[in-house]
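Only one structure is covered here, and it is reproduced in the block below.
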Amino acid sequence: MVKLSGLGGLALLISSVIAQTSKIRYMPFGDSITEIVCWRGLIWQQLQQAGYTNIDFVGSGTNGNAQGAGCRIPNYDKDNEGHSGFLAINIANQNQLVGWLQRNPADLITMHLGTNDIVQQNKPVNDIITAFTKLVGQMRASNPNMKIIVAQIIPIQIGNYNTQIQNLNKAIIPWAQGLNQTNSPIWVVDQYTGYNAQTDLRDGVHPNDAGDTKMAARWWPALVNAINVIQGNGTTTGTTAVTWTA
Ligand SMILES: *[C@@H]1O[C@H](CO)[C@@H](O)[C@H](O)[C@H]1NC(C)=O
Ligand SMILES: *[C@@H]1O[C@H](CO)[C@@H](O)[C@H](O)[C@H]1NC(C)=O
């Protein structure tokens, strides 16, 4: 039994009860690799199976009709903030995330962005990183305790963009370290390494079943870690990939 004394103890007790009973709002944020994909369904199912039934996926979109197995999971929470074709730079310049987070506040966010910046407009890595900084600022303005998981993005098969994608991915680590905060950590998840652009994509850009499975497995330990941190259950180091068992 935990011994609690005084008002501080009471506040601690109340806040820990709230943390355990209120829903954790998770916003999957990105472009089409967040919107028209099925990894969100796989993650939702795995969360239920692991007993994390208090996670509310949030966002203005409900697309979950891609062809993969994860999209056939019955009644999964399809809410997300994935916007097909969008550039990180445009989302930041137009302050779109501000309104999205006003409509759907979040405690936890995953961000997989940058593919369209590189593929559509060959934007320099520095400009994409500058946009990421603005987006993180907007996340924290919305919620100073926002837990942020940022992807080093997957490779694609079309065109000749993977060198530039790798340059962005390399820049993400020191960028995230520089912006890290105790109350609003940024965890980087490597979605690139081990992702096979020949066999894990359905159309050269978007994940097929194998790709959805890999993406879900990469997000998973970082998500569970973040959920445990939000619930006041300490920090784990579990941000490396796990073998998917669903
Ligand atoms: C940010 O800090 C957290 C601890 O709060 C740590 O787990 C995480 O690895 C750090 N992020 C980076 C990019 O170093
Ligand atoms: C608390 O964190 C530990 C370590 O990550 C984990 O094994 C356990 O399941 C968590 N408990 C709850 C209730 O989330």
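All figures in this text were calculated on a predicted structure; none of them were measured in a lab. Both counts, for ligands and for their atoms, begin at 1 and track the order of listing. This chain uses plain numbering: 1 for the first residue, then up along the sequence.
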Can you check whether Asn180 has an N/O within less than 3.5 Å of an N/O in ligand 1?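 Yes; at least one N/O pair falls below 3.5 Å.
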Short N/O distance, under 3.5 Å, between Gln181 and ligand 1?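 No.
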Table please: side-chain donor-acceptor pairs of residues 169-179 below 3.5 Å, with sequence neighbours left out.
residue: Asn169; atom: OD1; partner: Ile153; partner atom: N; Å: 2.7
residue: Asn169; atom: ND2; partner: Ile153; partner atom: O; Å: 3.1
residue: Trp175; atom: NE1; partner: Thr133; partner atom: OG1; Å: 2.8

What is the ring orientation for Trp220 with Tyr52, classed by angle as parallel under 30°, tilted 30 to 60°, or perpendicular over 60°?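 Perpendicular, since the angle between the ring planes exceeds 60°.
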When you measure from the heavy atoms of Ile186 to every atom of ligand 1, does any distance fall below 4.0 Å?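 Yes; Ile186 lies near enough to ligand 1 that a heavy-atom distance drops under 4.0 Å.
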Would you say Asn95's side chain and Val98's backbone share a donor-acceptor pair under 3.5 angstrom?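 Side chain of Asn95 to backbone of Val98: no pair is present.
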Could you list the donor-acceptor pairs under 3.5 angstrom formed between side-chain atoms of residues 102-109 and any protein atom two or more places apart in sequence or on another chain?
residue: Asp107; atom: OD1; partner: Arg25; partner atom: NH2; Å: 2.9
residue: Asp107; atom: OD2; partner: Arg25; partner atom: N; Å: 2.7
residue: Asp107; atom: OD2; partner: Arg25; partner atom: NE; Å: 3.1

